[in-house]
Visitor: 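Once you've had a glance at the structure underneath, I'll fire off some questions.
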Amino acid sequence: MNLLYKSYYFASYQCDKSRSFYLDFGHKQVKLSFCQLLSIRQKVNAINLDSHFDKDMNYNGIEILTLCNREHLFILDTLQVIDLKQLIKATFGMLELNSLVTHA
């Protein structure tokens, strides 16, 4: 497996043999297809960070994230949400760079 990006809480990997991706949440590793990775990106980008700092909108400051048709459930605090957003953005950035390098 090739490490794509490692943040403070999470890491993302790509496996060339099985053409799959892995998100490492520290205590659990989730195997994903590219379509599932795109779905996670959409879910993570839809999280409103402003609501985490407004007690009227999100009193507890947590986010519940389900992955792979509710097969995996994660409860994330504000710092983890920020870190996950950074991880997803960097992961897709590395995939874009990799496609540019291989086509050049």
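Values below: all heavy atoms of this structure, side chains included; hydrogens, waters and symmetry mates excluded. Numbers for residues simply follow the sequence, beginning at 1.
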Visitor: Rounded to the nearest 0.5 Å, how far apart are CE of M94 and CG of L87?
Guide: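 The CE atom of M94 sits 11.5 Å away from the CG atom of L87.
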
Visitor: Identify, with sequence neighbours excluded, every residue that meets side chain to side chain contact (heavy atoms under 4.5 Å, CB included) alongside Y8.
Guide: D83

Visitor: Just jot down the side chain to side chain donor-acceptor pair (under 3.5 Å) partners of D16, sequence neighbours excluded, or say none.
Guide: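 Side chain to side chain donor-acceptor pair (under 3.5 Å) list for D16, sorted by chain: N2.
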
Visitor: For Q29, what residues pass the side chain to side chain donor-acceptor pair (under 3.5 Å) criterion, not counting sequence neighbours?
Guide: none

Visitor: Hey, does Q36 have a side-chain heavy atom less than 4.5 Å from the side chain of F34?
Guide: no

Visitor: Mind jotting down which residue pairs meet the side-chain hydrogen bond (donor to acceptor under 3.5 Å, both in side chains) criterion with at least one end in residues 73-82? Sequence neighbours excluded, please.
Guide: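 Qualifying pairs: H52-T78.
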
Visitor: Can you confirm whether Y9 sits close enough to L79 that some side-chain heavy atom of one is under 4.5 Å from a side-chain heavy atom of the other?
Guide: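 Yes, close enough: below the 4.5 Å cut-off.
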
Visitor: With a 3.5 Å distance limit and no angle check, can you tell me whether K6 reaches the backbone of S12 through a side-chain donor-acceptor pair?
Guide: no

Visitor: May I ask you to check if R41 and F92 form a cation-pi contact, with NZ or CZ under 6.0 angstrom from the six-membered ring centre and within 45° of the axis?
Guide: yes

Visitor: Side chains of Y22 and Q14: do they bring a donor and an acceptor to under 3.5 Å?
Guide: no

Visitor: Any heavy-atom pair between the side chains of I40 and L84 that's under 4.5 Å?
Guide: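 Not touching, per the 4.5 Å side-chain cut-off.
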
Visitor: Once side chain to side chain donor-acceptor pair (under 3.5 Å) is applied, do any residues pair with K17, and if so which ones, sequence neighbours excluded?
Guide: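 Not a single residue meets the side chain to side chain donor-acceptor pair (under 3.5 Å) criterion with K17.
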
Visitor: Are any non-hydrogen side-chain atoms of K31 and L23 less than 4.5 angstrom apart?
Guide: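 Of all side-chain heavy-atom pairs linking L23 with K31, none is under 4.5 Å.
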
Visitor: Evaluate the side-chain proximity of Y13 to D24: yes if any heavy-atom separation is below 4.5 Å, no if none is.
Guide: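 Yes, their side chains come closer than 4.5 Å.
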
Visitor: Any side-chain heavy atom of F21 sitting closer than 4.5 Å to one from L95?
Guide: yes

Visitor: Who are the ring pair (Phe, Tyr, Trp, His ring centres under 6.0 Å) partners of F10, not counting sequence neighbours?
Guide: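 Listed in chain order: F25.
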
